[in-house]
There are 2 protein chains.
Amino acid sequence: MEAGKREIAQRLMESFIRFTKLNRPQGPIAGLTPGEAHVLFCIGRAGGPEAPGIRVSEISDSLKVTSPTITQFIKGLEERGFVERTADKEDRRAVRIKLTEKGAQAIEEAHKALLASFEGLVTHLGEEKSNLLAELMVEVVSYLREKKKTGLHG
Amino acid sequence: MEAGKREIAQRLMESFIRFTKLNRPQGPIAGLTPGEAHVLFCIGRAGGPEAPGIRVSEISDSLKVTSPTITQFIKGLEERGFVERTADKEDRRAVRIKLTEKGAQAIEEAHKALLASFEGLVTHLGEEKSNLLAELMVEVVSYLREKKKTGLHG
DNA sequence: ATAAATTAGTAAGCAACCTAATTATATGGA
DNA sequence: TCCATATAATTAGGTTGCTTACTAATTTAT
């Protein structure tokens, strides 16, 4: 039924547009912009205080943004004491980035706030619907990823 | 079950973050940036060629952005011949904005492209799941709207 | 008449991205 | 060994889509 399909697409489109608008984060959390929090999360995931620290290129790969973008974020985060840069001894082109104590605390705070807001959503929808939604969103993400890949040479 | 709830929230959070990243539009459609297309859609919805045209304030209310943002978009769109400005005769502070022929064509093209991409998603998920997703997203949107409202004075 | 509100616009700036070019270092092959 | 090439990070500058603060013109209410 083609008409049904178009109608569903229309509804999906509208809800996604509204979602995108509303989902834009309003203000900073723990003194971090949303983008900074993202980068900081990525650094935090990369290992504890004993680890050598993550590289700029690894962050940019992981977050799918270019390395100059990461450099800019790191610059701001370092100035404000959230991260530390150290030279890599085995590859002197590389830079190792680690969280400071302040950075680790900021992550914890931001993570709590973020999770709390999603827990609010789960409470609103109920666990069953939330599960369903998460599954569907995973499928949407895999579709978008596929589309983006083939879209480049198709 | 608190542990379950947190786990669901976590999965929801991750899928939403990935979605947001992938859903960012890549390039212009019909010579319009995504933002311009949005504004043009809004102008198009406001009435046909015989209507008096929409006001800047009406667009900004509808799209939930400030009026200077709209002014900037209109400026660019007028320069490139997508819209026309005319003075309102009954309220000389106001400006009436209408689509040109070129603008109407651009909307049609952009709308087709957008709808086609969502139809691709509907095909991928199937109609049943797509319907479900649209319904869930409507609930998410209403939750976010509510949260944003109460968040301001709570 | 005058104060208050409204409409649109300008100026300046921020967040989060991008590309192109540059610097420093690493590495494989003639 | 030396050179060409590749890689790591950075700098410089641009884009998109928003913001706030302000001005000018006009309308409305007192």
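Only a predicted model underlies this, so the values are computations on that prediction, with no experimental measurement involved. What you see below is based on every heavy atom in this structure, not just the backbone, and it leaves out hydrogens, waters and symmetry mates.
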Ile54(A) CD1 to dA9(D) P, in whole Å, measures 10 Å

Check whether any side-chain nitrogen or oxygen of Arg55(B) sits under 4.0 Å from OP1 or OP2 of dT7(C), and answer yes or no.
-> yes

May I have the distance from Gln72(B) (atom CD) to dT20(D) (atom C1'), rounded to whole angstrom?
-> 13 Å

Rounded to the nearest 0.5 angstrom, the NZ-CZ distance for Lys5(B) and Phe118(A) is 14.5 Å

Base, sugar-phosphate, or nothing for Asp91(A), non-hydrogen atoms under 4.0 angstrom?
-> sugar-phosphate

With respect to the phosphate group of dA9(D), does any side-chain polar atom (N or O) of Ser57(A) fall under 4.0 Å of OP1 or OP2?
-> yes

Short side-chain N/O contact from Arg92(A) to OP1 or OP2 of dA24(C), under 4.0 Å = no

Which residue, Pro68(A) or Lys89(A), contacts DNA chain C at a nucleotide closer to its 5' end, judged by nearest heavy atom?
-> Pro68(A)

Lys/Arg-Asp/Glu bridge criterion (N-O < 4.0 Å) met for Arg6(A), Glu119(B) = yes

Residue that, paired with Asn23(A), satisfies side-chain contact (heavy atoms from CB on, under 4.5 Å) out of Val141(B), Val140(B), Thr20(B) | Thr20(B)

Would you mind telling me which residue lines up with the more 5' stretch of DNA chain C, Pro34(A) or Glu90(A), judged by nearest nucleotide?
-> Pro34(A)

Arg96(A) CZ to dT25(C) P: how many Å, rounded?
-> 17 Å

Distance in angstrom units between Ile17(A) CD1 and dG17(D) P, rounded | 14 Å

Do the side chain of Arg93(B) and the base of dT6(C) come within less than 3.5 angstrom through a donor-acceptor pair of N or O atoms?
-> yes

Start with the C-alpha distance between Met13(A) and His111(B), add both sets of side-chain angles, then the distance that settles side chain to side chain contact (heavy atoms under 4.5 Å, CB included), and finish with yes or no.
-> CA-CA 11 Å; Met13(A) 189 176 89; His111(B) 186 255; 4.2 Å; yes

Quick one: is Thr33(B) getting a side-chain N or O under 4.0 Å of the dG17(D) phosphate, OP1 or OP2?
-> yes

Any side-chain N or O of Arg85(B) less than 4.0 Å from the OP1 or OP2 oxygen of dG9(C)?
-> yes

dA15(C) C1' sits how many Å from Lys75(A) NZ, rounded?
-> 15 Å

Specify the separation, in whole Å, of atom CD1 of Ile74(A) and atom C1' of dA16(C).
-> 14 Å

Spacing between Phe73(A) atom CZ and dA16(C) atom P, to the nearest angstrom = 5 Å

Val65(A) has a side chain; which of dA16(C), dC17(C), dG9(C) sits nearest to it?
-> dC17(C)

Ala94(B) side-chain proximity, nearest of dA8(C), dT11(D), dT19(D) | dA8(C)

Establish, with yes or no, whether the OP1 or OP2 oxygen of dC18(C) is under 4.0 angstrom from a side-chain nitrogen or oxygen of Thr69(A).
-> yes

Please check if Val95(B) and Leu63(B) belong to a single hydrophobic cluster, counting links between Ile, Leu, Val, Met, Phe, Trp and Tyr side chain heavy atoms closer than 4.5 Å.
-> yes

Separation of dC17(C) atom P from Asn23(B) atom CG, nearest Å, is 14 Å

